Q: 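After the structure tokens below, expect a handful of questions from me.
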Protein chains: 2
Amino acid sequence: MPQSAYPEIRKLDLFAAMAEDHFQTLMRGAYVQNFPAHIDLIAEGEPSDFLHIVLSGSVDLFAQWNGRDTSMATVRPISTFILAATIREAPYLMSARTLEKSRIVLIPSQDVRAVFDIDANFARAIVTELAQRYRAVIKTQKDLKLRTSLERLANYILRQQKRAGGGPTFGLEFEKRRLASVLGMTPENLSRAFKGLDPYGVVVDGTRITIGSQTDLERFAKPNPLIDDFTT
Amino acid sequence: MPQSAYPEIRKLDLFAAMAEDHFQTLMRGAYVQNFPAHIDLIAEGEPSDFLHIVLSGSVDLFAQWNGRDTSMATVRPISTFILAATIREAPYLMSARTLEKSRIVLIPSQDVRAVFDIDANFARAIVTELAQRYRAVIKTQKDLKLRTSLERLANYILRQQKRAGGGPTFGLEFEKRRLASVLGMTPENLSRAFKGLDPYGVVVDGTRITIGSQTDLERFAKPNPLIDDFTT
DNA sequence: TTATCGCCTTGACAATTATCAATCAAAAGG
DNA sequence: CCTTTTGATTGATAATTGTCAAGGCGATAA
């Protein structure tokens with residue numbers, strides 16, 4: 001793969017502390033691919049042959065059962081996905097597809113496992129990464145089980161506002177049908193949920209959101225760092 | 001702590017491969033406590049001072065928000081909980097309480113982190129454990145987002161049947177109100193859901209379940225290893 | 001044995017969420 | 001420019017799930 005991408009990858013927490021020659025081993029076996037939008041990268045149930053790294057663009061992780069499907073997460077640059085499956089040498093639990101034109105690094109899983117066995121710093125970095133992701137999923141589960149869809153939307157809006165800089169007006173990160181799926185509801189229900197936040201000063205104009213009354217919305221949403229803060 | 005518990009703990013995947021003196025370090029700082037039933041062990045939001053190991057009895061992990069609460073998981077002997085919080089030195093995301101009289105080992109989190117930094121085998125064991133738990137939570141999330149409560153119950157019954165040995169009659173692992181919370185529904189709804197499985201030959205007698213028609217139930221439940229098999 | 005307690009169940013009802021069909025609007029393509 | 005497509009919205013309706021109140025049933029203790 002082109003060496004130009006090395007420094008960016010090396011800077012990821014996952015790879016920052018490992019020995020240089022081990023990093024080179026991983027990079028030698030890796031390759032970069034450019035994918036157009038809306039391309040399936042992997043399917044749940046398949047063996048986990050590669051650890052993926054998104055260099056640019058974005059990727060949707062989703063799952064299916066009995067004809068239904070749901071968005072589980074969005075992967076944005078620069079970060080990895082399918083780490084747990086790679087480590088456990090187990091089949092993927094989620095499928096992945098590009099949301100837009102994306103540049104993706106593929107590292108053979110067996111290389112990852114081999115280096116993991118001989119590089120303690122890499123192993124420790126993986127622990128930290130996995131622990132962080134585990135906690136993120138637990139938070140999502142609490143969101144799903146403890147809140148109604150209206151409350152989930154309200155808290156999502158507050159999270160997204162913070163991500164976007166904290167101002168009263170900001171854009172959604174993806175299209176509404178996906179947002180609905182991420183939040184565990186139908187697009188119709190999402191549309192009505194936005195209306196339901198009208199009393200709290202939420203104004204929607206296409207993909208643009210304006211929070212008219214921050215305190216009202218927060219009083220309703222009751223955001224909680226143990227659910228909504230994904231940095232800890 | 002009493003040495004009698006050492007061998008059992010040592011046998012856990014998490015501790016099996018680490019250096020003996022590191023294991024001794026952990027055990028020296030650890031202590032065992034006996035708790036009666038229905039005692040709060042930890043509360044979400046508190047700093048994660050100890051890694052916990054359940055030696056006997058059982059523990060309920062639950063979470064609360066805005067006056068509501070939900071059961072996230074049950075911990076049975078012999079296994080650990082609060083591993084991710086310990087590793088990340090972050091506050092607990094879940095509270096824990098004993099379900100019955102329980103014997104629990106407490107290992108100071110700083111000891112775990114210290115040994116994790118110097119024992120590569122321990123670090124690797126933690127990776128494996130965390131990856132497995134991460135995948136378990138993803139499966140639960142798929143269960144929640146892709147299935148109705150009736151479908152979740154049907155699949156739970158099939159999973160529990162397998163755990164209990166595979167025969168047509170078996171017992172539930174805990175009281176129904178907790179089962180309802182674990183499955184993400186109210187006790188009333190659970191009660192009606194059991195009735196709703198009547199057409200598939202499910203007979204409920206208190207805590208005793210009998211599956212009259214295995215194939216009918218399976219045809220309805222559509223169990224899937226990528227959701228229901230927690231061993232991979 | 002009888003009283004009490006906790007849990008489960010049931011009925012009636014309300015809230016939430018999903019489904020289906022139609023329409024609208026904006027983006028993409030010719 | 002106009003057509004086609006796609007996603008978003010809306011209305012009507014149905015299914016699902018939750019809430020509240022009452023009653024039942026079995027375990028436990030006096």
Side-chain angles (χ1 to χ4, degrees), chain A residues 36-38 60 62 65-71 97-101 143-157 171-199 202-209 220-221, chain B residues 36-38 60 65-71 97 99-101 143-157 171-199 202-209 220-221:
Chain A
H38 311 299
D60 179 34
F62 63 103
W65 178 79
N66 196 26
R68 297 163 217 167
D69 66 295
T70 187
S71 269
R97 67 187 151 210
T98 55
L99 287 168
E100 52 194 308
K101 195 166 165 303
D143 192 45
L144 281 169
K145 289 185 80 178
L146 290 168
R147 290 171 171 163
T148 66
S149 62
L150 194 60
E151 291 164 343
R152 289 200 296 278
L153 176 60
N155 280 290
Y156 168 81
I157 287 176
L172 295 175
E173 53 185 344
F174 32 64
E175 59 182 4
K176 289 180 183 165
R177 59 154 61 207
R178 275 203 69 243
L179 176 57
S181 184
V182 168
L183 294 177
M185 55 178 123
T186 59
E188 294 95 328
N189 192 17
L190 175 64
S191 201
R192 287 167 183 132
F194 273 120
K195 289 241 165 72
L197 292 179
D198 183 87
V202 174
V203 178
V204 184
D205 175 25
T207 183
R208 203 113 219 103
I209 307 291
F220 169 73
Chain B
H38 312 301
D60 179 33
W65 178 80
N66 196 26
R68 296 164 216 165
D69 66 295
T70 188
S71 268
R97 66 188 151 210
L99 287 168
E100 53 192 308
K101 195 166 165 303
D143 191 45
L144 280 170
K145 290 184 79 178
L146 290 167
R147 289 172 172 163
T148 66
S149 61
L150 194 60
E151 289 163 344
R152 289 200 295 279
L153 176 60
N155 280 289
Y156 168 81
I157 287 175
L172 295 175
E173 51 185 345
F174 30 64
E175 59 182 7
K176 288 180 184 166
R177 58 152 64 205
R178 274 205 71 242
L179 177 58
S181 185
V182 167
L183 294 177
M185 57 177 122
T186 58
E188 294 95 329
N189 192 17
L190 175 65
S191 201
R192 287 166 182 132
F194 273 121
K195 289 243 167 71
L197 292 180
D198 183 88
V202 174
V203 178
V204 183
D205 175 23
T207 182
R208 204 111 219 107
I209 306 292
F220 169 73

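Small disclaimer: the values here were computed from a predicted structure and weren't measured. Here is the naming used below: chain letters follow the sequence lines, and residue numbers restart at 1 for every chain.
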Q: Spell out, as yes or no, whether a donor-acceptor pair under 3.5 Å connects the side chain of B/T70 to the backbone of A/L146.
A: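 Absent.
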
Q: Expressed in angstrom and rounded to an integer, what is the separation of A/R147 atom CZ from D/dG18 atom C1'?
A: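 To the nearest whole Å, that distance equals 19 Å.
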
Q: In this structure, how many angstroms lie between the P atom of C/dT9 and the CG atom of B/L179, rounded?
A: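 The answer, rounded to whole Å, is 11 Å.
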
Q: What is the distance from CZ of A/R177 to C1' of D/dT6, rounded to the nearest Å?
A: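 Rounded to whole Å, this separation is 8 Å.
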
Q: B/S71 versus B/R178: any side-chain heavy-atom pair under 4.5 Å?
A: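 Side-chain contact under 4.5 Å: yes.
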
Q: Counting heavy atoms from C-beta on, name the nucleotide in C/dC8, C/dT17, D/dT17 closest to the side chain of B/T148.
A: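 Selected nucleotide: D/dT17.
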
Q: Output the rounded distance in Å from NE2 (B/H38) to P (C/dC7).
A: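 Taking NE2 of B/H38 and P of C/dC7, I get 7 Å after rounding.
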
Q: How many whole angstroms separate atom CG of B/N66 from atom C1' of D/dG18?
A: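 It is 16 Å, rounded to the nearest whole Å.
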
Q: Can you give one letter per nucleotide of nucleotides 18-28 of chain C, going 5' to 3': B for a protein heavy atom under 4.0 Å from the base, S for sugar-phosphate only, - for none?
A: SBB--------

Q: Check this for me: does any side-chain nitrogen of one of B/R68 and A/E151 sit under 4.0 Å from a carboxylate oxygen of the other?
A: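 Looking at A/E151 together with B/R68, the answer is yes, because their closest N to O distance falls below 4.0 Å.
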
Q: Please report, rounded to the nearest Å, how far the C1' atom of D/dA8 is from the CZ atom of A/R208.
A: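 Answer to the nearest Å: 18 Å.
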
Q: So A/F174 and A/V182, do their side chains get closer than 4.5 Å, heavy atoms only?
A: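 Contact flag for A/V182/A/F174 side chains = yes.
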
Q: Please report, rounded to the nearest Å, how far the P atom of D/dT9 is from the CG atom of A/D198.
A: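 In whole Å, D/dT9 P and A/D198 CG are 14 Å from each other.
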
Q: Using side-chain heavy atoms (C-beta onward) and a distance below 4.5 Å, is A/Y156 in contact with A/E173?
A: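 Yes, at least one pair of side-chain atoms sits under 4.5 Å.
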
Q: How would you list, by chain and number, every residue that makes a ring-ring contact (aromatic ring centres under 6.0 Å, His included) with A/F220, sequence neighbours excluded?
A: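 Result, ring-ring contact (aromatic ring centres under 6.0 Å, His included) vs A/F220: A/Y200.
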
Q: How long is the line joining CD of A/E151 and P of C/dA15, in whole Å?
A: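 The distance from CD of A/E151 to P of C/dA15 comes to 15 Å, rounded to the nearest Å.
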
